[in-house]
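These notes are about the structure you will find just below.
All of these numbers come straight from a predicted model, not from anything done at the bench. Chain letters run A, B, ... following the sequence lines, proteins first and then strands; every chain starts at 1.
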Amino acid sequence: MSAAVAWLIWLPLAAAVASFVAGAGRARRALGLAASVVMLLPALLVFEAVRRDGPQRYLVGWPAPLGIELRADLLSAALVLLTACVGLLVAAYASASLTDPPSQHAVDPPAAFWSLWLLLSAGLNALYLSTDLFNLYVALEMVTLSAIGLVSIPGTRATIGAALVYLLATLVGSLAFLFGVALLYGAHGTLELYELGRLLEGGPLAWSAMGLMTLGIMVKAAFFPLHFWLPDAHGHALPAVSALLSGLVVKGGFYLLVRVWFDAFPNVLLPSFGLALGLLALVGIVWASLHAVSEGRLKRLLAYSTVAQLGLMLLTVPLAIAGPGGGVGASITPGVEPGLALALSHGLAKAALFLSAGAFIHAAGSDALSELGGVARRLPLALLAFALAAWTLLGLPPSGGYEAKALFEQAAAVGPIPWQLVVQGGTLLTALYLGVALRAAFEPAAARKRLRAVPLALQIPPLLLAALAVGLGLLPLASGAP
Amino acid sequence: MVLDGLSLLAVTAGVLFFVSGTLGILRFPDVFSRLHALTKADGLGLGLIVLGLALQATSLAVIGKLALVWIVAALSGSTACYLMAHFELERAQEPHDRA
Amino acid sequence: MDTFLTFALTGVVLFSLGLQEVLARPGVLRMLIAVNVMGSGTLLFFVSLAHRHADGPDPVPHALALTGIVVTLAATAAGLALARGLHRLRAEGSGGRVEGGRVEGGRSQGAGYERGRSESGRDEQGRADR
Amino acid sequence: MSTFLVVSALVLLATIGAGLVRVSRGPTAADRMLCAQLFGTTGVAALLLLAEAYDRPPLRDVALIFAILAALVLTVFVKHAAIHRHSRDGA
Amino acid sequence: MIGLEVVFDVSVAVLLVVLALESLYTPNLFTSIAFFIAFGLVMALAWVRLQAPDLALAEAAVGAGLTGVLLLDAAREIAAVRGVERTPRSMVRLTSLLVAAGVGVALVAALLEVPPRAAGLAEAVREALPLTAVEHGVTSVLLDFRALDTFFETAVLLLAVITVLVLQAHQHVRIIPWELSASPVLSGLVGLLAPVVLVFSGYLLWAGTHAPGGAFQAGVLLGAGGILLELAGVHTVSRLPRRALRWLLSLGVAGFALLSGTLLLAGRGLLELPGAGARTIVIALEIAIAVSVALTVVSLVVGSNLRLEPPEQEP
């Protein structure tokens, strides 16, 4: 069923045009929701096809190296499915929370959410499926520009400032990535990822190209120490947008680093690269977690938590390098399962956290932790979602996070460096800052504070996401890879 | 052969006008005299070069395109210089961007 | 020093110059100029790779560089629009008159699009709760 | 013949180089824009010379775009000058 | 003759670097923009030296023209108030110098390893060209071999214009009208230039199939013409009804979506052009892209400058 791969690219783009052109705000919302629902089908079909009979190839037109090919292996199919699931539930939340003012401008900001979200999902699907490096560059630009558009929807000084810093940082990153691609084209005359993987050997050209591409990816994915733009961007955007950014966009960067390192530069990779990345991730986890604990605003706390969790996900790279390796054409890059499991559970859990935070803010009127008193009693469902998501991030059984931690244990046992200790340390720090957030919610409400009623439609999506995150643990992920 | 000679002459004259125009811009004291230098280099220099090239042209289409380029360049050049002069004349003593 | 090497080296020099200026964190406009210089350097390097063979250039880098030029224009335009929007909000916020364009009205902190109060704690928007 | 044309194009390129001095030294913005206009026209002339020297017709299209765009840039510059005065008189 | 080539290349290269240095390091912002515009012009000459006329066409319109106009607009509004840019501390400048120098050295080392005589995909394109709908190599790569890149590129343009329009909707700011009412000379010039721009961009679009030119170059030039019209007070884009403007802006992506949708339903690849009628498809697609690029360019430049009545009085 490889044609489903093509529908995954076509559907969001066509729906984005339809919702951009549609007149009334309601029509745009309906189109956006419908497309998000329909997108689940090809995502499931592709995931099923990959799980059953291995990676799927798809020719867009001409074969490589002239044309562009799409390829779905377990890593990309799982992340495409994550994009579809999280996207659908965030879309449901957004349709309940965004207003529909009468159309006064060429593009009314709240209505722009729908076409921006659909273009974002098209960019992410293209990022996960394409095997052509220049095509990946353009897909990255689509993801970045749609994320910037989404961040700047409210039009407040904080969001536009954050969007500007986000744009400038990622613009430099994408040019570094492009220069790396140019070097590889110069060396071997092809842009196909796996073909380059076979041809590339260590040497100044390969290392410079790898270095530039890695720098570009690190800026775009907000890996420590190039994450400076993320806390403001994810911290000030609309809750639904922060859920999309922290849940999905950051995974694109993680995926691209894994794909480029393990499939384009397998013979160039040295264990010292993995070690360097691991150490950077370690410092990043500690630094970001401490910032999260001392953060006064709920959404910025969750944004710093994203940076910390990204560090945890990165630890799978040194483990995979130290691991067995080999397995070209395997259903998934060997040794990357722990990172994928954590990416999936973090994607679901973090989106749930941001959406439930949105419900809290809607009730309390401000996202300062001090103002969140009494929210626990008024919004039981949203609090349950927050707690379940926190449960997953802490990796307590039976959640998806537990599954990821178990995979980390197995992998770390092989490698020389006890990375699993770092994972446990990271989990402890996660408990710290999530505890800070929960404690603020359980504070007794200040006397004169009047909490606003929150419609159910704002509490159901985070609950479903959190349930999915916990349910992920029941799914035998480890056996997913053949 | 005569045509080649004429083209050589016209193109050389054109280039000389450009060079003198640039020298004028470098050395003249105020904006208006520089504008004067610019319009000379613009109009005549380009005109002569186009003339020289037209002599070399084999087909009518090429001559047509050369003429079109010259007309557009001369037109936009002189309008722009007029606007510049107009703007300079009206501008009060404080240039808005004196560093 | 054939055409390929000359322009490939120029591409590298332009990329490094632009990178140096970007890392020196100048104002927004200078940063966008530096990014454009970096972009031109990258594309110059890419297209110089197409010019290494006697019989005619390789059209693939030309097409990719064309895409690169258009993408860089789109990103620069978005960046400049954000920078101008931010500038107006700052001027509006501080109540000062905006040079080069009269600021006469407009909502103060941008419209919160959440139903009811948005997180910046402004007063009730008067929207009916669902 | 084509050698002569290329040499002339080179000389024009040199004049652009020389013009840079005025751009950096020019006291007012008008001087800088004046040089941008000159560079545009010099570029048009150089392109036309190269088009004939290497017999590549598309270069003449590029020259035409140069001419049109040079006018656009300068007009935008002058527009701001008008706005500057306009807003000052209007306030 | 050969010596002359090298002299030309080196002088263009040196001029580029000098212009870049001047543009990046002059204290005054307007000087920096003036140098950047000159940089764009010489960049077009560099594309000419690299035998890339398509890029020279695009760079001439985008590099010097549109980006220069965008920067001038923004600088006029921002720099005029804030005065001199804040000069970065010497420590920051030193570290950035070191990092950039390191990157430069690494890239030169990498460049030395690039095979000097490789032909890249030139051979493959030349063989496959007869099978495609167009004769011009660059257009075939853009709209046939790597059509997916161009599909995403039109989406990127749409994203940029959505961001600008969202910002525009927030700023209910009455900005002094764009047009130069005071000068009949300008409207005279624009009156003469407009037909030239229209005819010439049509020619570029048509030429794209067999000679340098094509959708993006024609679109960008048409956009520049549109801006000139707006400047002269002839409001084309800003007077378009909102719905029509949105339709035209998304025409490029819509064209691609329609094409790939029908191809998928017909069982072909996402962008696997059919043998028969491929040429008409490519030309139709190019027209759609050119129109949407033109309107996108005008909206990007004029978008944050339009005279916006407060919502109540909107016609």
Side chain to side chain, N36(C) and T67(E), heavy atoms closer than 4.5 Å = yes

message = In the structure I gave you, are the side-chain heavy atoms of Y25(E) and L17(C) within less than 4.5 Å of one another anywhere?
response = yes

remark   = Whatever's closer than 4.5 Å to a heavy atom in chain E on T76(C) counts as side chain

ask   = Is it the side chain or the backbone of L24(E) that comes within 4.5 Å of chain C heavy atoms, both, or neither?
value = both

remark   = Cut-off 4.5 Å, heavy atoms of chain E, and the answer for L14(C) is side chain

ask   = Picking from V156(E), L71(E), T296(E), T163(E), which has the most non-hydrogen pairs under 4.5 angstrom with chain C?
value = L71(E)

inquiry  = For V125(E), which atoms come within 4.5 Å of any heavy atom of chain C: side chain, backbone, both, or neither?
reply    = side chain

Under 4.5 Å from a heavy atom of chain E, the part of H51(C) involved = side chain

inquiry  = Apply side-chain contact (heavy atoms from CB on, under 4.5 Å) to residues R25(C) and R93(E) and explain how you reach the verdict.
reply    = CA-CA 9 Å; R25(C) 292 214 308 284; R93(E) 187 159 283 283; over 6 Å; no

note = Note: vs chain E, highest number of non-hydrogen pairs under 4.5 angstrom among L19(C), V71(C), L73(C) is L73(C)

message = With a 3.5 Å distance limit and no angle check, can you tell me whether R117(E) reaches the backbone of R52(C) through a side-chain donor-acceptor pair?
response = yes

query = Where do L29(E) and R30(C) land on the side-chain contact (heavy atoms from CB on, under 4.5 Å) test, with the steps shown first?
reply = CA-CA 8 Å; L29(E) 186 61; R30(C) 279 191 176 283; 4.0 Å; yes

note = Interatomic distance, CD@E5(E) vs OG1@T3(C), rounded to 0.5 Å, equals 6.5 Å

request  = Could you check if a side-chain atom of S32(E) sits within less than 4.5 angstrom of a side-chain atom of I33(C), using non-hydrogen atoms only?
outcome  = yes

remark   = Scored by heavy-atom pairs under 4.5 Å with chain E, the best of L43(C), L49(C), V13(C) is L43(C)

query = When rounded to the nearest 0.5 angstrom, what distance separates CG in L16(E) from CG in L44(C)?
reply = 6.5 Å

task = Measure the spacing between CG of L86(C) and CG of L167(E) and express it to the nearest 0.5 Å.
result = 10.0 Å

key: Inter-residue atom distance I69(C).CD1 - Q217(E).CD, 0.5 Å rounding   = 8.5 Å

request  = Measure the spacing between CG of L29(C) and CD1 of I33(E) and express it to the nearest 0.5 Å.
outcome  = 6.5 Å

task = Would you mind telling me which of L32(C), V22(C), L80(C), V37(C) has the largest number of heavy-atom pairs within less than 4.5 Å of chain E?
result = L80(C)

task = Evaluate the side-chain proximity of R84(C) to D73(E): yes if any heavy-atom separation is below 4.5 Å, no if none is.
result = yes

message = Between V164(E) and L82(C), is there a side-chain heavy-atom distance shorter than 4.5 Å?
response = no

task = Taking all heavy atoms of S96(E) and all of Q20(C), pick out the closest pair and write down the distance.
result = OG-NE2, 3.1 Å

ask   = Charged N to carboxylate O under 4.0 angstrom, R126(E) versus D58(C)?
value = no

ask   = Checking side-chain contact (heavy atoms from CB on, under 4.5 Å) for the pair L64(C)/R146(E): CA distance, chi angles, key distance, verdict?
value = CA-CA 9 Å; L64(C) 302 183; R146(E) 302 181 65 89; 3.4 Å; yes

Heavy-atom pair of closest approach, residues F4(C) and P116(E) = CE2-CA, 4.2 Å

Working for side-chain contact (heavy atoms from CB on, under 4.5 Å), residues T67(C) and L142(E) = CA-CA 9 Å; T67(C) 311; L142(E) 271 176; 3.7 Å; yes

key: T6(C) and its side-chain contact (heavy atoms from CB on, under 4.5 Å) partner, picked from L50(E), V14(E), V6(E), D9(E)   = D9(E)

note = Applying a strict 4.5 Å limit to non-hydrogen atoms, the region of V60(C) in contact with chain E is both

Side chain / backbone / both / neither for L111(E) at chain C, heavy atoms under 4.5 Å = side chain

